[in-house]
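This is a predicted model, so every value here is computed, not measured. We name chains A, B, ... by the order of the sequence lines, and we start the count at 1 in each one.
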Number of protein chains: 2
Amino acid sequence: MARSRQLNERMREERKEQILSSALHLFATKGLFATKIKDIAKAVGMAQGLVYHYYESKDEIYVELIKNALEKLNTAVFSLRDMPQPPHEKIIMAIEQLFKTIESSHDFTQTCRLIAHATNSTAIPEDARKLIVEKRDIPYREIAKIMADGQKEGTIVEADPDELAVVFWTSINGLAIYKATRQDTTTVPDAGILARMFLKEGNHGTKSKTFPG
Amino acid sequence: MARSRQLNERMREERKEQILSSALHLFATKGLFATKIKDIAKAVGMAQGLVYHYYESKDEIYVELIKNALEKLNTAVFSLRDMPQPPHEKIIMAIEQLFKTIESSHDFTQTCRLIAHATNSTAIPEDARKLIVEKRDIPYREIAKIMADGQKEGTIVEADPDELAVVFWTSINGLAIYKATRQDTTTVPDAGILARMFLKEGNHGTKSKTFPG
DNA sequence: GTCTATATCCAGATAGAC
DNA sequence: GTCTATCTGGATATAGAC
């Protein structure tokens with residue numbers, strides 16, 4: 001009967017989600033090679049062999065996670081692009097949002113950490129490598145466009161938009177890793193400090209909610 | 001005879017250096033666990049077993065490299081601290097120097113990458129972990145002091161000096177990793193973009209060599 | 001679906017000849 | 001000092017019982 005087939009399907013998906021979730025945490029903190037299938041199984045609470053009932057290999061789990069992470073990131077970037085605000089407000093919003101997320105979302109910093117591991121190591125599965133090379137430039141391109149628009153508008157600092165984008169993302173990235181590796185007492189700096197790099201004087205009101213209209 | 005003993009000693013040290021150098025490159029690009037002793041031996045051009053004539057274990061090589069990396073970094077920071085320039089010039093100098101080094105020194109970006117791997121992973125030898133926890137805050141503290149001095153002087157932006165230091169180093173770090181993972185065509189952005197975050201208006205002359213006196 | 005047991009392989013580290 | 005050969009443990013992945 002279709003009913004129970006669907007239910008089984010659903011339960012299988014849930015189980016796979018559990019594995020992914022545990023694996024994300026472990027890959028993010030320990031990296032691909034230091035994480036053993038046994039660790040993942042233990043974290044989920046299943047026998048080591050059972051993992052292979054859901055995934056063919058450790059690499060498959062890893063590639064799946066990398067794919068999810070890149071998609072999540074790029075979706076966020078595109079939604080930023082499609083917002084109605086003027087460029088300099090987008091930049092402010094993006095920085096504030098990213099800082100807030102770094103501060104509060106464990107899942108997000110884990111994801112950043114996963115990607116950091118992946119981009120920083122050449123010893124990752126071929127499929128993962130391909131995905132990363134394919135997708136990693138998208139956020140840079142989109143931010144560069146916003147920077148260029150802001151320059152036309154006169155609100156963004158005069159400098160090569162591509163370079164601004166590189167500084168934008170590398171700074172965010174560095175900060176996310178910093179936060180991820182010192183969960184404890186650490187607090188994230190004020191977003192205004194970063195914003196100052198990109199905005200011309202007179203547009204620094206990162207805290208002001210007084211948008212026109 | 002003391003002569004030949006010294007010579008032997010020297011040759012042994014040179015051989016150890018070769019191992020360290022190859023290991024740095026491999027650990028930096030692949031990480032600790034993905035790097036096999038065999039890889040290191042191959043890179044040096046010796047048999048796998050011979051590595052153990054010079055080091056007791058893979059971990060020992062790794063810890064040695066981490067120690068060197070942290071020392072190098074902290075030495076540079078202290079020499080910055082001891083310079084005669086006023087604070088805002090120190091910040092400019094530091095950024096320009098770091099950007100230049102990121103641009104040109106393969107060894108430096110490898111070192112950054114090694115430390116990035118190490119700080120980003122919890123699965124490293126206990127000794128390495130201890131070294132990192134012990135030493136990693138020194139650069140932050142020193143830069144924070146310079147920022148605070150600059151604020152008294154009126155040349156550095158008003159913001160929590162600790163937060164400025166965090167943004168300073170995380171941005172540099174993010175950029176170093178960016179560069180390390182795309183050696184190819186990529187160029188490093190203009191140092192002035194970062195400098196703008198920390199300096200009050202009117203002190204942005206990162207390119208001007210017109211120091212007073 | 002879940003477990004235990006195991007085949008297989010690989011890598012760290014050691015032993016011993018030259 | 002250097003090599004080859006080997007011991008040993010551990011991890012991936014599979015097989016097979018329940």
Side-chain angles (χ1 to χ4, degrees), chain A residues 1 3-23 26-27 29-65 121-128, chain B residues 1 3-23 26-27 29-66 117 121-128:
Chain A
M1 351 130 108
R3 181 80 54 87
S4 70
R5 243 208 322 273
Q6 265 193 0
L7 190 65
N8 281 349
E9 189 70 12
R10 223 187 108 71
M11 283 173 66
R12 186 179 164 84
E13 281 311 308
E14 265 175 27
R15 214 83 170 102
K16 291 184 84 168
E17 279 303 319
Q18 289 177 349
I19 292 173
L20 282 183
S21 166
S22 294
L26 287 161
F27 286 146
T29 50
K30 302 169 64 163
L32 170 60
F33 291 89
T35 300
K36 310 302 173 187
I37 289 286
K38 206 170 138 186
D39 301 334
I40 298 173
K42 203 175 178 183
V44 178
M46 60 172 59
Q48 185 257 2
L50 187 52
V51 173
Y52 291 92
H53 188 70
Y54 295 96
Y55 289 97
E56 286 199 343
S57 66
K58 192 167 82 163
D59 280 8
E60 201 199 351
I61 302 175
Y62 188 78
V63 172
E64 182 83 13
L65 283 170
S121 171
T122 59
I124 58 172
E126 184 53 30
D127 289 356
Chain B
M1 334 106 139
R3 182 76 59 85
S4 72
R5 243 208 320 273
Q6 265 193 359
L7 190 64
N8 281 348
E9 189 70 11
R10 221 186 110 72
M11 283 173 68
R12 184 178 166 83
E13 282 311 308
E14 264 175 29
R15 214 80 169 105
K16 291 183 84 169
E17 278 303 318
Q18 288 176 349
I19 292 173
L20 283 182
S21 166
S22 294
L26 287 161
F27 287 146
T29 50
K30 302 170 64 162
L32 171 60
F33 291 88
T35 300
K36 310 303 175 188
I37 289 286
K38 206 171 138 184
D39 300 335
I40 298 173
K42 203 175 177 182
V44 178
M46 60 172 59
Q48 186 257 6
L50 186 53
V51 174
Y52 291 92
H53 188 71
Y54 295 95
Y55 289 97
E56 285 199 342
S57 66
K58 192 167 83 162
D59 280 9
E60 202 199 350
I61 302 175
Y62 189 77
V63 172
E64 182 84 13
L65 282 171
I66 293 287
H117 268 299
S121 171
T122 59
I124 58 171
E126 184 54 29
D127 289 356

Do any side-chain atoms of residues 41-54 of chain A form donor-acceptor pairs under 3.5 angstrom with protein atoms, and if so which ones, sequence neighbours left out?
none

**Asked** If you walk 5' to 3' along DNA chain D, what is the first nucleotide with an atom under 4.0 Å of a heavy atom in chain A, and what is the last?
**Response**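 That gives a stretch of D/dA11 to D/dT14.
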Margin query: By the 4.0 Å heavy-atom rule, please label B/Tyr54 as base, sugar-phosphate, or nothing.
Written below: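 The answer is sugar-phosphate, as B/Tyr54 gets under 4.0 Å only of primed atoms, P, OP1 or OP2.
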### Task
Could you pull out all residues at least two apart from B/Glu14 that satisfy salt bridge (charged side-chain N to carboxylate O under 4.0 Å, His left out)?
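If we apply the salt bridge (charged side-chain N to carboxylate O under 4.0 Å, His left out) test to B/Glu14, skipping adjacent residues, the hits are B/Arg10.
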key: Any B/Tyr52 side-chain nitrogen or oxygen under 4.0 Å from OP1 or OP2 of C/dA13   =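 B/Tyr52 to C/dA13 OP1/OP2: side-chain N or O found under 4.0 Å.
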Open item on the list: What residues from residues 35-51 of chain A pass a heavy-atom cutoff of under 4.0 Å to DNA chain C?
Closed with: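 Per residue number, the list reads A/Met46, A/Ala47, A/Leu50.
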- Message: Any non-hydrogen side-chain atom of B/Leu20 less than 4.5 Å from a side-chain atom of B/Tyr55?
- Response: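 In contact.
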Checklist entry - Do side-chain atoms of A/Thr35 reach the backbone of A/Leu26 as a donor and acceptor pair under 3.5 angstrom? => result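 Side chain of A/Thr35 to backbone of A/Leu26: a pair is present.
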side-chain contact (heavy atoms from CB on, under 4.5 Å) against B/Ser21, all qualifying residues, sequence neighbours excluded:
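If we apply the side-chain contact (heavy atoms from CB on, under 4.5 Å) test to B/Ser21, skipping adjacent residues, there are no hits.
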Check: Given atom CD of B/Glu56 and atom P of C/dT14, what is their separation to the nearest angstrom?
Finding: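 Spelled out: CD on B/Glu56 to P on C/dT14 is 8 Å.
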Margin query: Holding to side-chain hydrogen bond (donor to acceptor under 3.5 Å, both in side chains), I want the full list of residues that pass it with A/Lys30, two or more places apart in sequence or in another chain.
Written below: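 side-chain hydrogen bond (donor to acceptor under 3.5 Å, both in side chains) list for A/Lys30, sorted by chain: A/Asp39.
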*At what distance, to the nearest 0.5 angstrom, does CD of B/Glu64 lie from CD1 of B/Ile19?*
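Rounded to the nearest 0.5 Å, the CD-CD1 separation comes to 11.0 Å.
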Margin query: On a heavy-atom basis, which atom in B/Ile40 and which in B/Ile61 lie closest, and how many Å separate them?
Written below: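 That would be CD1-CD1, 4.5 Å.
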